[in-house]
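The structure appears right after this line, and notes come after that.
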Protein chains: 2
Amino acid sequence: MEDFFERGVGSMKDPYALFSDFIARKKLKMTPQRRQILDVFLSEEGHVTSEELYQKVKRDYASIGQATVYRTLKLLADSGLAKAVEFGDGAVRYEILYGQSHHDHLICEECGVNVEVVDPAIERLQIEVANRHGFKLTGHKLYLYGLCPACQKRSTSS
Amino acid sequence: MEDFFERGVGSMKDPYALFSDFIARKKLKMTPQRRQILDVFLSEEGHVTSEELYQKVKRDYASIGQATVYRTLKLLADSGLAKAVEFGDGAVRYEILYGQSHHDHLICEECGVNVEVVDPAIERLQIEVANRHGFKLTGHKLYLYGLCPACQKRSTSS
DNA sequence: TTCATTGCAAAGCCTTTGCATAAGT
DNA sequence: ACTTATGCAAAGGCTTTGCAATGAA
C-alpha cells in the first residue's frame with residue numbers, strides 16, 4: 001500500500017501526509033472541514049469546480065460553507081496536490097496533481113468530452129521555444145479543441 | 001477591374017469589408033458605434049480587454065456604452081477578425097486575428113511580459129496527437145509560462 | 001415601416017472578503 | 001491563550017440581459 005504511493009518516485013509521501021506537512025509548515029491548522037474536502041477531492045476523477053465539490057462535501061458535512069471550499073481548494077493548489085485548469089466556460093476547475101503524470105487536454109467542441117493527452121515531443125519543443133526567446137520555462141497550458149470520433153460520425157451521417 | 005481585384009486580392013479583403021460582409025450576411029446593421037469600435041480595435045496592438053477598448057472608444061464617442069463594446073467584440077470574434085485569449089487573470093482579451101499569422105503566447109510569470117511565438121513542429125504534433133485519439137483538431141490554445149531574460153537576471157543577482 | 005441596436009441599469013456568475021463566532025495548537 | 005478557520009452574507013469583478021428609445025435598411 002505504501003508501495004502504491006512510492007512506486008517509481010523514490011520517497012513519496014501520501015497525499016494526506018503531504019497536505020498535513022504543508023499545513024504545518026505554513027503554520028495553518030488542520031480542521032475536519034479541510035480533511036473532508038481533501039477526501040472528496042481525492043475521490044474525484046476529472047476536473048471539479050468549487051461548486052461541484054461543495055455539493056458533494058455537503059452530503060457528509062452539511063454545515064460546510066462555500067467559502068471554505070474555495071479557500072481550501074486554493075490551499076490544495078498551493079500545496080501542490082491540486083492544479084487549476086480552465087476550459088472555455090468561465091469556471092476554474094481543479095484536478096489532482098499528486099501522483100499524476102503531467103498531461104494536457106483534448107476537448108470535443110461538440111459534446112465536451114475531455115481526453116487527457118501527453119506528447120513528450122511537444123513537451124520538449126516547448127522548452128526549446130522558450131529557450132529560443134531566452135525564457136526559462138516553468139509551466140504551460142495546452143488545450144486542444146476538436147471533434148471526437150463519435151461527433152464526427154454524427155455530423156457526417158446527418 | 002472587378003476581375004482584377006477578385007482574382008488577385010480575392011482572399012485578402014480589407015478588414016472593414018470583411019466585417020461589413022459579415023454584418024450583411026447575418027442581416028445585422030452597420031452602425032457608427034460598430035465602425036468606431038472596429039477602428040480602435042484595429043489600431044490596437046496586443047491584447048485588449050473590453051474595458052480598455054471601452055475607455056479608448058469613449059474618447060471619440062463619449063456616449064458609447066460598455067455593453068455595446070462587449071457585444072461588438074463578440075461580433076468581431078464571430079466574424080473572424082478577432083480572437084479571444086485568456087491569460088491568468090479573470091478577463092477575456094481580444095487580439096487581431098485578421099492577417100495575422102497564428103501564434104501562441106509565452107508569458108513571464110514575474111513581470112507579465114508577453115511574447116508571441118510559433119513553432120511549426122509543435123503545430124504539426126498537435127494534429128498528430130489529436131489524430132492518435134481519433135479527434136479532428138479544429139483549434140488549440142497554448143500558453144507557455146516562464147521567466148523572461150530580465151527577470152532571470154533580477155532574481156539571480158539579488 | 002420594420003427590425004436590429006443602443007445605452008442604461010439591473011441582474012448573473014463565479015469568487016473573494018469582512019466579521020463575529022468557533023475551534024485547532 | 002493565542003491565532004487561524006469557519007460560515008454567513010455582503011461585496012467584487014467581469015459579463016450578460018431586459019427594456020424603452022433610437023436608428024439603420
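Proteins come first, then strands; the chains are lettered A, B, ... in the order of their sequence lines, and each starts at number 1.
- Taking the six-membered ring for Trp and the full ring otherwise, the centers of His105(A) and Phe87(A) sit less than 6.0 Å from each other.
- The CG-P distance, from Leu75(A) to dT16(C), rounds to 12 Å in whole Å.
- Nucleotide dG23(D) holds its P atom 8 Å from the OH atom of Tyr61(B), rounded to whole Å.
- For Ser50(B), whose side chain is taken as the heavy atoms from C-beta onward, the closest listed nucleotide among dT15(D), dT5(C), dA5(D) is dT15(D).
- Inter-residue side-chain proximity for Glu123(A) and His102(A) is flagged as met; some heavy-atom pair is nearer than 4.5 Å.
- Put simply, CG on Leu73(A) is 16 Å from C1' on dA5(D), counting in whole angstrom units.
- Atom CG of Leu38(B) and atom P of dT5(C) are 15 Å apart (whole Å).
- Contact annotation: Tyr70(B) reaches the phosphate of dT15(D) (side-chain N/O to OP1 or OP2, under 4.0 Å).
- For the pair Lys74(B) NZ and dC14(D) C1', the interatomic distance rounds to 11 Å; values are reported in whole Å.
- Residues Leu137(B) and Tyr145(A) share a closest heavy-atom pair of CD1-O, 3.3 Å.
- When the side-chain nitrogen and oxygen atoms of Thr31(B) are compared with OP1 and OP2 of dT6(C), one or more of them lie within a distance under 4.0 Å.
- Checking dT17(D), dT25(C), dT17(C) against every side-chain atom of Ala67(B), the shortest atom distance belongs to dT17(D).
- In this entry the distance linking CZ of Arg35(A) with P of dA23(C) reads 14 Å, nearest Å.
- For the OP1/OP2 pair of dG7(D) and a distance below 4.0 Å, the side-chain nitrogens and oxygens of Thr68(A) include at least one atom meeting the criterion.
- Residues Ser63(B) and Lys29(B) each lie close to DNA chain C; by heavy-atom proximity, the contact nearer the 5' end of the strand is made by Lys29(B).
- Leu147(B) and Leu144(B) end up in different hydrophobic clusters when Ile, Leu, Val, Met, Phe, Trp and Tyr side chains are linked at under 4.5 Å.
- Comparing Gln33(A) and Ala91(B), the nucleotide of DNA chain D nearest to each residue sits closer to the 5' end for Gln33(A).
- Using a 4.0 Å heavy-atom distance criterion, Arg71(B) is classed as a base contact.
- Protein atom NZ of Lys58(B) is 13 Å distant from nucleotide atom C1' of dC8(C), rounded to whole Å.
- Positionally, the nearest nucleotide of DNA chain C for Pro32(B) lies more toward the 5' end than for the other of Leu28(A) and Pro32(B).
- Here dT6(C) presents its C1' atom at 15 Å from CD of Gln36(B), a figure rounded to the nearest Å.
- Note on Val113(B): it does not cluster hydrophobically with Val118(B), by side-chain heavy-atom contacts below 4.5 Å among ILVMFWY residues.
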